[in-house]
Amino acid sequence: MAQDRATSEDRQQETRRDEVDDETISDVIRDIVEKNDPYDERVVCYAQPIFDTHTESYRQAEVLMRLKIGNEIVGPNRFIPMAEKNGSIFRLTYILLNKVCSAMKELSKKCDFDRITVNFPPVFFCNEDMLKNLCNIMKMHGTDTNKLGVELTEQALEDRDDVKNRVSSMTNAGIKLYLDDFGTGYSSMARIVTYPFSVIKIDKGLLDTAMKYQCMEELISIIIRVLKKNGYEILMEGVEDENGKKFSMDTKVDYIQGFLYERPVPLEKLENYFAPATT
Ligand code: C2E
Ligand code: CA
Ligand code: CA
């Protein structure tokens with residue numbers, strides 16, 4: 001647990017109170033879309049290192065978007081719902097992908113890591129152009145598809161052939177699919193199993209319930225065991241304390257992500273968490 005790796009400035013920015021109003025956020029997003037700059041500095045990538053319980057080291061991270069408005073870093077809960085509603089989430093995601101693929105190229109030269117994941121909005125796979133755009137960005141940066149992961153929530157799991165085909169094309173190319181926030185929706189296993197997920201991310205809410213009620217602890221342990229037996233890797237999200245860590249270890253999850261380990265840091269700081277590259 002490398003608490004010294006994030007500076008106090010990172011933490012301050014990360015926890016800063018909302019001071020920018022919704023109208024300003026909306027204006028900034030509109031301007032980002034209009035300018036169409038793939039390196040727009042207002043789209044900021046943070047990343048949270050993910051602990052690998054097998055190697056006991058950090059080999060993955062999840063990229064989390066923020067907006068830089070003036071001197072403030074605005075968290076995703078303020079602007080993602082807005083951007084999803086007016087469609088600007090597409091542009092924001094392409095900018096984020098461009099920056100992530102660019103950063104991964106540098107990171108690969110210096111570090112030994114398995115994967116960086118990005119969050120795709122539920123509507124993403126309904127769009128005809130997304131695969132072409134994604135491929136163009138990866139090609140431009142020479143991205144190793146095996147090192148990219150895509151996180152989808154259950155909301156994205158449409159029972160539509162075109163959506164499933166795009167998802168399959170992506171995973172066939174080597175990109176790994178992560179089911180985000182497992183346990184927050186209806187968790188329709190019937191639908192989940194029709195998608196090529198590699199990793200299931202157990203939502204913090206489910207972990208918190210397990211920590212409160214014995215019967216939920218037993219139930220979630222069984223769910224994890226069944227998922228693992230069927231070839232899924234399990235990631236426990238939102239581990240904040242020793243109880244959450246113990247439960248994660250007892251249930252033999254593959255990965256742990258949470259404030260007990262590391263908070264999100266600016267993307268360029270990931271090299272401080274991964275082991276140096278062996279050439
Ligand atoms: P998420 O995808 O479930 O991301 C994990 C969130 O949990 C992050 O919040 C992270 O900082 C937080 N977290 C991690 N460990 C802990 C913990 O131990 N305790 C607690 N209380 N929280 C923890 P963040 O960065 O504020 O993101 C919130 C949500 O915004 C994300 O939830 C995701 O739904 C959305 N989001 C973030 N970045 C993007 C993006 O690039 N694209 C899209 N479409 N959505 C994004
Ligand atoms: Ca996520
Ligand atoms: Ca999540």
Side-chain angles (χ1 to χ4, degrees), residues 1 3 6 10-11 13-18 25 29 32 40 42-51 58 60-68 73-101 103 115-127 130 134 148-156 176-185 187 197 199-208 211 234-245 247-248 253 255-267:
M1 282 161 233
Q3 298 297 339
D10 296 333
R11 282 177 209 291
Q13 288 202 320
E14 183 55 21
T15 54
R16 188 170 276 164
R17 292 243 162 270
D18 302 331
I25 296 175
I29 292 177
I32 291 172
D40 198 308
R42 291 168 293 184
V43 178
V44 177
C45 305
Y46 271 58
Q48 186 175 23
I50 293 169
F51 188 73
Y58 296 103
Q60 297 192 29
E62 175 185 9
V63 175
L64 297 156
M65 199 189 309
R66 277 95 179 88
L67 281 186
K68 188 169 190 331
I73 298 288
V74 178
N77 293 333
R78 292 287 313 281
F79 66 86
I80 294 279
M82 199 186 276
E84 284 186 346
K85 211 164 158 190
N86 66 21
S88 50
I89 189 68
F90 283 92
R91 179 57 45 209
L92 295 181
T93 307
Y94 289 131
I95 296 173
L96 176 116
L97 271 169
N98 189 52
K99 291 187 172 200
V100 170
C101 289
R115 205 166 298 119
I116 306 286
T117 67
V118 292
N119 292 280
F120 275 10
V123 288
F124 216 53
F125 284 96
C126 297
N127 184 276
M130 63 80 52
L134 173 64
L148 192 66
V150 160
E151 300 196 7
L152 279 186
T153 58
E154 282 173 51
Q155 277 171 287
K176 285 271 191 289
L177 196 63
Y178 288 55
L179 178 64
D180 204 358
D181 302 344
F182 177 81
T184 52
S187 296
F197 286 107
V199 181
I200 308 285
K201 299 187 71 165
I202 310 281
D203 187 70
K204 176 174 170 30
L206 214 52
L207 170 65
D208 291 347
M211 295 297 90
I234 307 296
L235 186 155
M236 191 67 82
E237 285 197 273
V239 174
E240 291 181 343
D241 56 29
E242 291 298 328
N243 288 339
K245 178 181 171 182
F247 179 65
S248 305
V253 303
Y255 311 108
I256 303 178
Q257 180 177 357
F259 293 170
L260 178 68
Y261 288 80
E262 290 299 339
R263 285 178 180 260
V265 294
L267 182 62

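Worth saying up front: this structure is predicted, and the values here are computed from it rather than measured. We count ligands from 1, going down the list as the structure has it; atoms in each ligand are counted the same way.
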What do we get for [X] next to ligand 1 when only non-hydrogen atoms under 4.0 Å count, side chain, backbone, both or neither?
X    : value
L92  : neither
T93  : neither
L64  : both
R263 : neither
N77  : side chain

query = Relative to atom 42 (N) of ligand 1, which among L152, T153, N119 owns the nearest non-hydrogen atom?
reply =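 Residue with the shortest heavy-atom distance to the ligand atom: N119.
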ask   = Taking atom 39 (C) of ligand 1 as the point of reference, which of M65, R78, Q257 owns the nearest heavy atom?
value =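 Closest candidate by heavy-atom distance is M65.
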request  = Answer whether the closest heavy-atom distance between the side chains of C45 and V100 falls below 4.5 Å.
outcome  =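 Answer yes - side chains close enough.
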task = Please examine the side chains of E237 and D180, heavy atoms only from C-beta on, and report whether any two atoms are closer than 4.5 Å.
result =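 Of all side-chain heavy-atom pairs linking E237 with D180, at least one is under 4.5 Å.
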query = Heavy-atom contact under 4.0 Å between K201 and ligand 1?
reply =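 Distance cut 4.0 Å: K201 fails for ligand 1.
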task = Look at ligand 1 and say whether G75 reaches it with a heavy atom at a distance under 4.0 Å.
result =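 The answer is no, since G75 has no heavy atom less than 4.0 Å from ligand 1.
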[atom1] of [X] to [atom2] of [Y]: how many Å apart, nearest 0.5 Å?
X    : Y    : atom1 : atom2 : result
L152 : Y178 : CG    : OH    : 12.5 Å
F79  : M65  : CZ    : CE    : 5.5 Å
F90  : E84  : CZ    : CD    : 9.5 Å
D40  : N98  : CG    : CG    : 11.0 Å

Considering the heavy atoms of [X], write down every atom of ligand 1 situated less than 4.0 Å from one of them.
X    : result
Q48  : 10 (C), 14 (C), 15 (N)
P76  : 24 (P), 25 (O), 26 (O), 27 (O), 28 (C), 30 (O), 36 (N), 37 (C)
E62  : 2 (O), 4 (O)
V239 : 18 (O)
P264 : 11 (O)

message = Between I73 and K68, is the side chain to side chain contact (heavy atoms under 4.5 Å, CB included) condition met? List the steps.
response = CA-CA 5 Å; I73 298 288; K68 188 169 190 331; 4.2 Å; yes
Under 3.5 Å, is there a donor-acceptor pair between the side chain of [X] and the main chain of [Y]?
X    : Y    : value
K201 : Q257 : no
Q48  : E262 : yes
N119 : V63  : yes

Hey, does [X] come in under 3.5 Å of ligand 1, counting only N/O atoms on both sides?
X    : value
F120 : no
E151 : no
K204 : no
I89  : no
D181 : yes

task = Return the orientation label for the F51 and Y58 ring planes: parallel under 30°, perpendicular over 60°, tilted otherwise.
result =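 Answer is perpendicular, since the angle exceeds 60°.
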task = Please report the closest heavy-atom contact between M211 and G244, naming both atoms and the distance.
result =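 That would be SD-N, 4.0 Å.
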Metal environment of the Ca ion (ligand 2), protein N/O/S under 3.0 Å =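 Within the sphere that stays under 3.0 Å of the Ca ion (ligand 2), the protein atoms of type N, O or S are E62 OE2, N119 OD1, E151 OE1, D180 OD2.
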Residue list, side-chain contact (heavy atoms from CB on, under 4.5 Å) with A47, at least two apart or on another chain =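 Expected list: A61, L267, L270.
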task = Check whether NZ of the Lys or CZ of the Arg R91 lies under 6.0 Å from the centre of the six-membered ring of Y94 and within 45 degrees of that ring's axis.
result =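 Ring-cation test returns no.
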request  = Among D203, D181, T184, find the residue that satisfies the side chain to side chain contact (heavy atoms under 4.5 Å, CB included) test when tested with T153.
outcome  =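 It is D181; the other options fail the test.
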